[in-house]
Amino acid sequence: MSYEILRRRAESFLRNAFDDFERGDYDLVLFHVEQAIQLYAKYLLYRKLGDFPKTHSIVSLLRDLSRIYESKELESFVNSRIELLYLLEESYITSRYIPREYDLEIAKRALELGKKLLEVFKWLEKTS
């Protein structure tokens with residue numbers, strides 16, 4: 001199996017998040033941003049390690065990435081946005097088990113975070 005599919009799906013999930021935002025489906029924005037981050041992080045970990053942790057915690061995955069890629073920039077980015085990252089983790093869980101809605105402002109912040117993180121991921125990919 002080619003793990004390039006993780007990267008392609010991550011990019012597709014982020015595109016879906018932008019479409020969700022336009023439709024006003026703010027809960028789906030958070031879910032799709034979380035999925036984009038999770039899959040791209042796993043893709044990058046696989047590139048370096050030949051495997052990735054079997055976790056859904058994007059905070060754990062991002063911390064692993066910053067350590068393995070020795071990226072102080074990513075570590076600082078994660079630390080400065082930790083609350084929103086944990087909210088994205090929560091959105092992944094609640095999307096399956098608990099009816100939860102999010103508002104426009106949170107969805108906008110999630111989109112900005114997802115877009116920025118994918119830029120960071122692509123930079124890591126090029127520099128490694």
Compare every heavy atom of [Y] with every heavy atom of [X], then report the nearest pair and how far apart it is.
X	Y	answer
L30	L88	O-CD2, 3.5 Å
Y102	D27	CD1-CA, 3.7 Å
K42	P53	CE-O, 3.8 Å
V33	G114	CG1-CA, 3.8 Å
L62	V78	CB-CG2, 3.6 Å
R63	Y86	NH1-OH, 3.9 Å

Distance (rounded to the nearest 0.5 Å) between [X] [atom1] and [Y] [atom2]:
X	Y	atom1	atom2	answer
L39	L44	CG	CG	11.0 Å
L124	I68	CG	CD1	11.5 Å
E89	E34	CD	CD	7.5 Å
I37	L118	CD1	CG	7.5 Å
S2	Y43	OG	OH	8.0 Å
S80	L85	OG	CG	8.5 Å

* Mark yes when over 12 heavy atoms from residues, nucleotides or ligands other than E105 sit less than 6.0 Å from its CD; otherwise mark no. => yes

* Just wondering, are more than 12 heavy atoms of other shown residues or ligands nearer than 6.0 Å to NZ in K116? -> no

* Yes or no on side chain to side chain contact (heavy atoms under 4.5 Å, CB included) for F13 and Q38, after CA distance, side-chain angles and deciding distance? -> CA-CA 10 Å; F13 274 122; Q38 186 181 150; over 6 Å; no

* **S76 (side chain) donor-acceptor with E73 (main chain) under 3.5 angstrom** => no

* **Test log, rule salt bridge (charged side-chain N to carboxylate O under 4.0 Å, His left out), inputs E112 and R109** => CA-CA 5 Å; E112 290 169 5; R109 290 179 192 177; over 6 Å; no

* Are E75 and K72 close enough for a salt bridge, meaning some N to O gap below 4.0 Å? -> yes

* Is E11 salt-bridged to R8, cutoff N-O under 4.0 Å? -> no

Side chains of [X] and [Y] in contact at under 4.5 Å (non-hydrogen atoms):
X	Y	answer
L74	L117	yes
V120	Y69	no
Y26	E101	no
S91	R100	no
E90	I93	no

* Could you give me the CA-CA distance, side-chain angles and deciding distance for K122 and Y40, then say whether side chain to side chain contact (heavy atoms under 4.5 Å, CB included) is met? => CA-CA 9 Å; K122 288 178 187 224; Y40 215 119; 3.4 Å; yes

* To do: Please work out which of the three classes, parallel, tilted or perpendicular, describes the rings of F52 and Y3, given edges at 30° and 60°.
  => perpendicular

* Is there a path from L104 to L28 through hydrophobic residues (I, L, V, M, F, W, Y) whose side chains come within less than 4.5 Å of each other? -> no

